[in-house]
Trainee: 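Following this message is one structure expressed as structure tokens.
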Amino acid sequence: MAKAPKNAISPTREEDYPEWYQQVIKAADLAEISPVRGCMVIKPWGYAIWENIQRALDRMFKDTGHQNAYFPLFIPLSYLEKEAQHVEGFAKECAVVTHHRLEANPEGGLRPTGQLEEPLVVRPTSETIIGAMYAKWVQSYRDLPILINQWANVVRWELRTRMFLRTTEFLWQEGHTAHATREEAVEETLKMLDVYATFAQDYMAMPVIKGEKTAGERFPGAVNTYSIEAMMQDRKALQSGTSHFLGQNFSKAQEIKYLSAEGREEFCWTTSWGVSTRLIGGLIMTHSDDDGLVLPPRLAPAHVVIMPIFRNDEERATVLDFCQRLEAELKAQSFSGEPVRVLLDAREMRGGEKSWLHVKRGVPVRLEIGPRDVASDAVFMARRDRAANEKSGVPRGEFVANISKLLTEIQDNLFARARTLRDENMRTIDNREEFIRYFTPKNEEKPELHGGFALCHYGEDPEVAQLLADLKVTIRCIPLEGQVAGGDRAAGQCIFTGKPSQGRAVFAKAY
RNA sequence: CGGGGCGUAGCUCAGCCUGGCAGAGCGCUUGGUUUGGGACCAAGAGGCCGAAGGUUCAAAUCCUUUCGCCCCGACCA
């Protein structure tokens, strides 16, 4: 018998974190690089996770009064030009459509022809096209607020891409709202930030810090940008969702105006907010281990996989029958308000290989059912939040009755584990030397695993900016009140310049 | 756009320096032996050696051109 490797994934997180990440995606069959530069193909298992993300978020959006709509993929070039900062922010990463026809060229290939009078930009984000429509839709204060979300794809021509984290085309949702007052728009901005944080923690089991971005990290054209920041297992930060208060910048640029109850013409106050398939990257890097993907049950495409084991046709019949009844029983149970998702995998495949396959794909609970289990009316169970070889027999009835409890336990366990890792790698730092030491890799062999989140007082300063750039550290956010211990808004002194500071910010290396 | 690397079987790659029948492992198909755990044996299928041009009796290999991809920077959800 061939010796199995210690871990299903090689290299391990410790050996080479970025490569480990790629290998997990491959082993879990989530996605693969496509023939198109910078773009990926999301495979069924990966897409099913996205569908679960969509379903949960969509419900939360509806529950907060939003409706879905759809706007064009193409944006006239002139629309993007309207908001100065917005153009500047996106100009360098736009795909532009300039022709609308192909004709045969003399070499036998095809060449574009039929040049467009005005080039069309493939949306990098939809503020401008949606704003143009809102300008038509809003006449009176009675038309407000407009609370719309769209599920869409966008294109940003990034120079360096990584699967799920940064691809040229990606899937996301973008909410765009217009309000009569500043207060209402600010409230909306923070409300949706809360929705994201709740989703991240309750569904993804990923602890996040809600915070405000500094001026330099703001969305192009926004007055304020808020984000949720999560810590990956290599201690780097992942911006996992953003919510922007756009003030009247876009409404003024696009003339989104209404007549108030007092009969005055006013500009709307707008917001936008989004999360993308990047969340899947965050999910992978938050929970997965050296055996592959680990999925929180609430987002797992399958909660339980049943793997029948038999040696001959006679055993096959009894075992399969038992498994099918078990499948039906489990599907009749509910977890988190939905039927338990069960996968009966009766494919002709060696048991060990099949089992490892589901380990690598992150299925929360695995059941191996053989003749012995049928005879004793039990299931042989392994959970993905424990070691792959840790398995135990459980009476069938007890297992079925407790499935929801078990999945909840796994979900909670993953969250607790992730929060512990984050908290262990987050600290307040009060002097410059310690800060530099914290963010300087000690081991050149494994420079990936070091640092974490540092909570520090700081002041805007060119010299500080240079120091951060040299260390490759960024200010992730200024945490909102009550988000992190030591992060509350209390006065102090910038650890670099000694200038007065209004509160601590989260510093980290980031994706 | 700078710096580095690579294009050979579905995948990972060897062969190239020093020109001479296109290879290995994995995967796939079939048959057998296995079977509570990532199996073993055997037989098979599978290639315009990224593309174009040149040198040569002879090119995956040498020369020129070109296209594409990957990695490291600068830019970023």
Side-chain angles (χ1 to χ4, degrees), chain A residues 1-10 16 18-19 22-23 26-27 32-39 88-94 107 109 124-125 153-162 164-174 196 213 216-220 222 225 227-230 237-244 272-282 291-292 307-312 315-316 319 348-360 366-376 378-382 388-389 391 393 447 469 472 474 476 510-511:
Chain A
M1 202 178 296
K3 219 193 224 153
K6 242 186 304 182
N7 300 109
I9 303 296
S10 173
D16 184 347
E19 182 58 24
Q22 301 291 334
Q23 293 303 324
K26 193 173 167 188
E32 72 183 59
I33 295 173
S34 79
V36 185
R37 197 209 81 104
C39 297
E88 204 189 322
F90 285 104
K92 283 172 285 184
E93 50 185 41
C94 285
E107 290 81 43
T125 179
N153 58 340
V154 286
V155 166
R156 296 183 188 176
W157 211 265
E158 300 288 351
L159 301 176
R160 292 223 342 87
T161 57
R162 294 190 68 186
F164 290 113
L165 299 174
R166 179 166 295 108
T167 47
T168 301
E169 178 190 12
F170 57 95
L171 305 183
W172 78 344
Q173 80 33 238
E174 47 181 328
Y196 289 154
K213 288 288 188 184
E217 300 269 336
R218 228 169 253 156
F219 176 76
T225 287
S227 72
I228 51 171
E229 300 284 334
L238 184 73
Q239 178 176 308
S240 308
T242 49
S243 188
H244 314 291
S272 68
W273 28 273
V275 296
S276 70
T277 36
R278 173 178 250 207
L279 287 177
I280 296 175
D291 286 330
M307 293 173 277
I309 292 161
F310 43 80
R311 265 170 296 199
N312 50 50
E315 284 184 359
R316 182 190 149 90
V319 170
E348 245 183 75
M349 191 188 282
R350 294 188 64 79
E353 194 184 349
K354 191 190 282 184
S355 184
W356 275 108
L357 198 133
H358 292 293
V359 169
K360 289 185 280 194
R366 305 188 302 283
L367 299 180
E368 297 169 3
I369 311 288
R372 293 209 298 262
D373 306 296
V374 175
S376 60
V379 301
F380 200 53
M381 188 263 291
N389 58 6
K391 302 172 184 181
K472 293 181 184 165
T474 53
R476 298 320 302 155
Y511 277 97

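Convention: sequence-line order gives letters A, B, ...; per-chain numbering from 1.
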Trainee: Within this structure, what is the OH-to-C1' distance between A/Y196 and B/A77, rounded to whole angstrom?
Mentor: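 Answer to the nearest Å: 11 Å.
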
Trainee: Check every strand shown and say whether A/D373 touches a base, only sugar-phosphate, or nothing at a heavy-atom separation below 4.0 Å.
Mentor: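 The answer is base, as A/D373 lies within the cut-off (heavy atoms under 4.0 Å) of a base atom.
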
Trainee: Rounded to the nearest Å, what distance is computed from the CD atom of residue A/E348 to the C1' atom of nucleotide B/G31?
Mentor: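 The answer, rounded to whole Å, is 14 Å.
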
Trainee: Once each nucleotide of nucleotides 25-30 of chain B is scored for protein heavy atoms under 4.0 Å, what B/S/- sequence comes out, 5' to 3'?
Mentor: ------

Trainee: Under 3.5 Å, side chain of A/R156 to main-chain N/O of A/P124, donor-acceptor pair present?
Mentor: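 Side chain of A/R156 to backbone of A/P124: a pair is present.
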
Trainee: At 4.0 Å (heavy atoms only), tell me whether A/L165 reaches a base, stays on the sugar-phosphate, or touches nothing.
Mentor: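 Base, at least one base heavy atom under 4.0 Å.
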
Trainee: Need the pair for B/G73. Rule: Watson-Crick or G-U wobble, both distances under 3.5 Å, any strand; none if unpaired.
Mentor: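 Pair assignment: B/G73 / B/C1.
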
Trainee: Let's test this: given Watson-Crick or G-U wobble pairing with both distances under 3.5 Å, identify the partner of B/C28.
Mentor: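 Paired with B/C28, as far as the under-3.5 Å criterion goes, is B/G44.
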
Trainee: Do you know which two heavy atoms are closest between A/W356 and A/A388, and how far apart they sit?
Mentor: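 Closest heavy-atom pair between A/W356 and A/A388: CH2-CB, 3.8 Å.
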
Trainee: Could you check how far CZ of A/F310 sits from P of B/G37, rounded to whole Å?
Mentor: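 So the two atoms are 16 Å apart, to the nearest Å.
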
Trainee: What pairs with A/V374 under side-chain contact (heavy atoms from CB on, under 4.5 Å), at least two apart in sequence or on another chain?
Mentor: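 Counting only residues at least two positions away or on another chain, A/V374 forms a side-chain contact (heavy atoms from CB on, under 4.5 Å) with A/V319, A/F322, A/I369.
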
Trainee: Rounding to a whole Å, what distance do you find between A/L357:CG and B/G37:C1'?
Mentor: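 From A/L357 CG to B/G37 C1': 13 Å.
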
Trainee: Is the backbone N or O of A/L171 less than 3.5 Å from a side-chain atom of A/T277, with the two atoms forming a donor-acceptor pair by type?
Mentor: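 Side chain of A/T277 to backbone of A/L171: a pair is present.
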
Trainee: Heavy atoms from C-beta onward define the side chain here; which of B/A77, B/G38, B/G37 lies closest to that of A/F170?
Mentor: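 Closest nucleotide to the A/F170 side chain: B/A77.
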
Trainee: Hey, does the side chain of A/R278 reach the backbone of A/F164 with a donor-acceptor pair shorter than 3.5 angstrom?
Mentor: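 No, because the side chain of A/R278 does not come within donor-acceptor range (under 3.5 Å) of the backbone of A/F164.
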
Trainee: Which nucleotides of nucleotides 67-75 of chain B have their base under 4.0 Å from a protein heavy atom (B), which only their sugar-phosphate (S), and which neither (-), written as one string 5' to 3'?
Mentor: --S--SBBB

Trainee: Using the side-chain contact (heavy atoms from CB on, under 4.5 Å) criterion, which residues pair with A/K213? Sequence neighbours excluded.
Mentor: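 With neighbours one apart ignored, the set is A/E217, A/T225, A/S227, A/E229, A/Q239, A/R476.
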
Trainee: Distance-only, no hydrogens or angles: does the A/D373 side chain make a donor-acceptor pair with backbone N or O of A/V379 under 3.5 Å?
Mentor: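 No, because the side chain of A/D373 does not come within donor-acceptor range (under 3.5 Å) of the backbone of A/V379.
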
Trainee: With nearest nucleotides of RNA chain B determined for A/I369 and A/S276 from heavy-atom distances, which residue corresponds to the more 5′ nucleotide?
Mentor: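 Result: A/I369.
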
Trainee: For A/T167, which contact category applies under a 4.0 Å heavy-atom criterion: base, sugar-phosphate, or nothing?
Mentor: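 A/T167: base contact, heavy atoms under 4.0 Å.
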
Trainee: For B/G7, what is the paired nucleotide under Watson-Crick or G-U wobble rules, both distances under 3.5 Å?
Mentor: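 B/G7 is paired with B/C67.
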
Trainee: Please figure out whether A/F219 or A/G370 has its closest RNA chain B nucleotide nearer the 5' end.
Mentor: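 Nearest nucleotide further toward 5': that of A/G370.
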
Trainee: Are there over 12 heavy-atom neighbours, none belonging to A/R316, within less than 6.0 Å of that residue's CZ?
Mentor: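 12 or below, so no.
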
Trainee: Nearest whole angstrom, please: distance from the C1' of B/G37 to the CZ of A/R372.
Mentor: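 Checked: the CZ to C1' distance equals 11 Å.
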
Trainee: A/R311 has a side chain; which of B/U35, B/A77, B/G37 sits nearest to it?
Mentor: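 The closest nucleotide is B/U35.
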
Trainee: So, does A/S34 use its side chain to make a donor-acceptor pair with the main chain of A/C39 at under 3.5 Å?
Mentor: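 A pair under 3.5 Å: yes.
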
Trainee: Between A/F219 and A/H244, how do the two ring planes meet: parallel, tilted or perpendicular, split at 30° and 60°?
Mentor: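 Because their plane-to-plane angle is under 30°, the rings of A/F219 and A/H244 count as parallel.
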
Trainee: Taking only residues two or more places apart in sequence, or in another chain, which ones meet A/S355 in a side-chain contact (heavy atoms from CB on, under 4.5 Å)?
Mentor: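 side-chain contact (heavy atoms from CB on, under 4.5 Å) list for A/S355, sorted by chain: A/M307, A/R366, A/E368, A/K391.
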
Trainee: By the 4.0 Å heavy-atom rule, please label A/F380 as base, sugar-phosphate, or nothing.
Mentor: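 Base contact.
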
Trainee: Collect all protein-nucleotide pairs involving nucleotides 32-34 of chain B in which both atoms are nitrogen or oxygen and the distance is under 3.5 Å.
Mentor:
unit_1, atom_1, unit_2, atom_2, d
B/U34, O2, A/R350, NH1, 3.2

Trainee: Got A/V36 and A/E169 here, is their nearest side-chain heavy-atom distance under 4.5 Å?
Mentor: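 A/V36 vs A/E169: side chains apart.
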
